[in-house]
Amino acid sequence: MTETTSTTGTGLLAGKRILVAGVTHPSSIGYAVAEFAQQQGATVIISNFGRALRITERIAKRLPETPPVIELDVTDPDHLETLPDKLAEHVDGLDGVVHSIAFGNPETLLGGKFMDGPWEDVAQAVQVSAYSLKALAAACRPAMTDGGSIVGLTFDASQAWPAYDWMGVAKAALESTSRYVARDLGAEGIRVNLVAAGPLRTIAAKAIPGFTDLEEMWATRAPLGWDNDDAVPTARAVGALLSDLFPATTGEIVHVDGGFHAMGA
Ligand code: NAP
């Protein structure tokens with residue numbers, strides 16, 4: 001595991017108010033981002049939805065400081081509409097938003113079912129995993145009065161993968177959505193970028209039948225190697241994009257994959 005240094009109050013994200021949406025478990029990339037952001041001095045709010053909300057409330061206590069947990073289903077118009085009010089109970093504005101959310105029905109869409117995936121499930125995957133970036137950005141926009149940074153997580157959608165199937169299509173939609181949101185919010189000083197992470201053993205990844213084959217191949221082909229259990233490098237990249245270190249970068253995708261994407265074989 002990559003080690004991080006605790007610099008609460010004086011770090012890279014000191015004074016930043018950040019919403020991390022999509023934290024279910026300590027293995028969640030969102031959890032690693034929330035932890036790193038707190039270590040770097042940010043005030044963090046985390047969110048999740050439905051039955052897993054109780055789990056999120058429990059695991060929030062393991063973070064360096066227990067953050068407020070708010071309920072946010074990115075497909076629920078009421079949740080999106082009331083988000084600014086819920087945020088205002090804890091912070092007087094937002095500087096950063098992390099979209100760490102995806103869903104595709106593993107039984108119908110993933111693991112070699114591409115040619116049979118039904119539209120209703122594809123529509124749900126695209127709504128939860130891609131359209132939601134626009135929905136979340138629109139909901140948070142009123143709180144981002146001083147500009148800020150929105151960062152999402154993708155799995156490189158520039159090529160077809162084994163097993164990933166319709167989630168790959170949803171990620172292609174996410175990557176395009178991030179460019180359009182970057183275009184429309186740039187004038188307000190809001191940057192929108194994605195981190196393309198290599199495979200990490202999270203709940204979402206474990207639900208994809210056949211994803212382990214990809215994980216094994218990754219570790220051998222990535223020039224820097226790859227640890228499927230270490231979300232810290234990914235969290236650090238998200239943290240850097242949330243910080244003031246990239247003031248002129250938007251609509252970008254930063255690969256944090258051990259260099260896998262750059263190798264032909
Ligand atoms: P994760 O821990 O399962 O996180 C996914 C989160 O999305 C969960 O908190 C999940 O909540 C939430 N979610 C699903 N539907 C939602 C909805 N309608 N409204 C709000 N939240 C919803 O898995 P993860 O791997 O960390 O995924 C985080 C992001 O990283 C995703 O975009 C994923 O595609 C991306 N990513 C993952 C990998 C990887 O290998 N793990 C690689 C590259 C990119 P529930 O748990 O309650 O369903």
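Note that ligands are numbered from 1 as they come in the structure, with each ligand's atoms numbered from 1 the same way. Residue numbers start at 1 and run along the sequence shown.
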Between Gln127 and Thr75, do the side chains contain an N or O donor and an N or O acceptor separated by less than 3.5 Å? no
Regarding Thr202 and His25, is there a side-chain donor-to-acceptor distance under 3.5 Å anywhere? no
Look at [atom] and find which of [options] reaches it with the closest heavy atom.
atom                    : options                        : answer
atom 24 (P) of ligand 1 : Thr202, Ile203, Thr234         : Thr202
atom 41 (N) of ligand 1 : Leu200, Val128, Asn228         : Leu200
atom 4 (O) of ligand 1  : Ser100, Pro199, Ala207, Ala125 : Ser100
atom 48 (O) of ligand 1 : Tyr31, Phe49, Phe103           : Phe49

Nearest 0.5 Å, what's the OG1-CG distance between Thr108 and Asp116? 10.0 Å
Derivation of the salt bridge (Lys or Arg N to Asp or Glu O under 4.0 Å) call for Lys16 and Asp244: CA-CA 10 Å; Lys16 303 268 188 223; Asp244 297 331; 2.7 Å; yes
Tell me the protein heavy atom at minimum distance from [atom], and give that distance in Å.
atom                    : answer
atom 26 (O) of ligand 1 : Ile29 N, 2.8 Å
atom 19 (N) of ligand 1 : Val74 N, 3.0 Å
atom 12 (C) of ligand 1 : Asn48 OD1, 4.1 Å
atom 9 (O) of ligand 1  : Thr24 OG1, 2.6 Å
atom 20 (C) of ligand 1 : Leu72 O, 3.2 Å
atom 31 (C) of ligand 1 : Ala102 CB, 3.6 Å

Does even one non-hydrogen atom of [X] get within less than 4.0 Å of ligand 1?
X      : result
Gly198 : yes
Met167 : no
Gly50  : no

Would a single hydrophobic cluster contain both Trp166 and Ile208, if residues Ile, Leu, Val, Met, Phe, Trp and Tyr are joined by side-chain heavy-atom contacts under 4.5 Å? yes
Lys171 contact mode with ligand 1 (heavy-atom cut-off under 4.0 Å): side chain
Would you say the side-chain atoms of [X] pair up with the backbone N or O of [Y], donor to acceptor, closer than 3.5 Å?
X      : Y      : answer
Ser176 : Ala172 : no
Asn105 : Leu109 : no
His255 : Ala196 : no

[X] N/O to ligand 1 N/O under 3.5 Å:
X      : value
Asp73  : yes
Ala52  : no
Phe211 : no
Ser28  : yes
Ile101 : yes

Going by the angle between their ring planes, with limits at 30° and 60°, are Trp226 and Trp218 parallel, tilted or perpendicular?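 Taking Trp218 first and then Trp226, their aromatic rings sit tilted (interplane angle of 30° to 60°).
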Going by the atom numbers of ligand 1, which of them fall below 4.0 Å from some non-hydrogen atom of [X]?
X      : value
Thr154 : 43 (C), 44 (C)
Ala197 : 42 (C), 43 (C)
Leu153 : 29 (C), 30 (O), 32 (O), 35 (C)

Mind checking what makes side chain to side chain contact (heavy atoms under 4.5 Å, CB included) contact with Gln159, not counting sequence neighbours?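 Checked Gln159 against side chain to side chain contact (heavy atoms under 4.5 Å, CB included); matches are Asp156, Trp161.
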Salt bridge flag under 4.0 Å for residues Arg17 and Asp92: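 Salt bridge between Arg17 and Asp92, a charged N being under 4.0 Å from a carboxylate O: yes.
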Between Ile55 and Asn48, does a side chain to side chain contact (heavy atoms under 4.5 Å, CB included) hold up when you go through it step by step? CA-CA 9 Å; Ile55 305 173; Asn48 204 358; over 6 Å; no
Looking only at the aromatic ring of each residue, does the gap between the centers of Phe103 and Phe49 stay below 6.0 angstrom? no
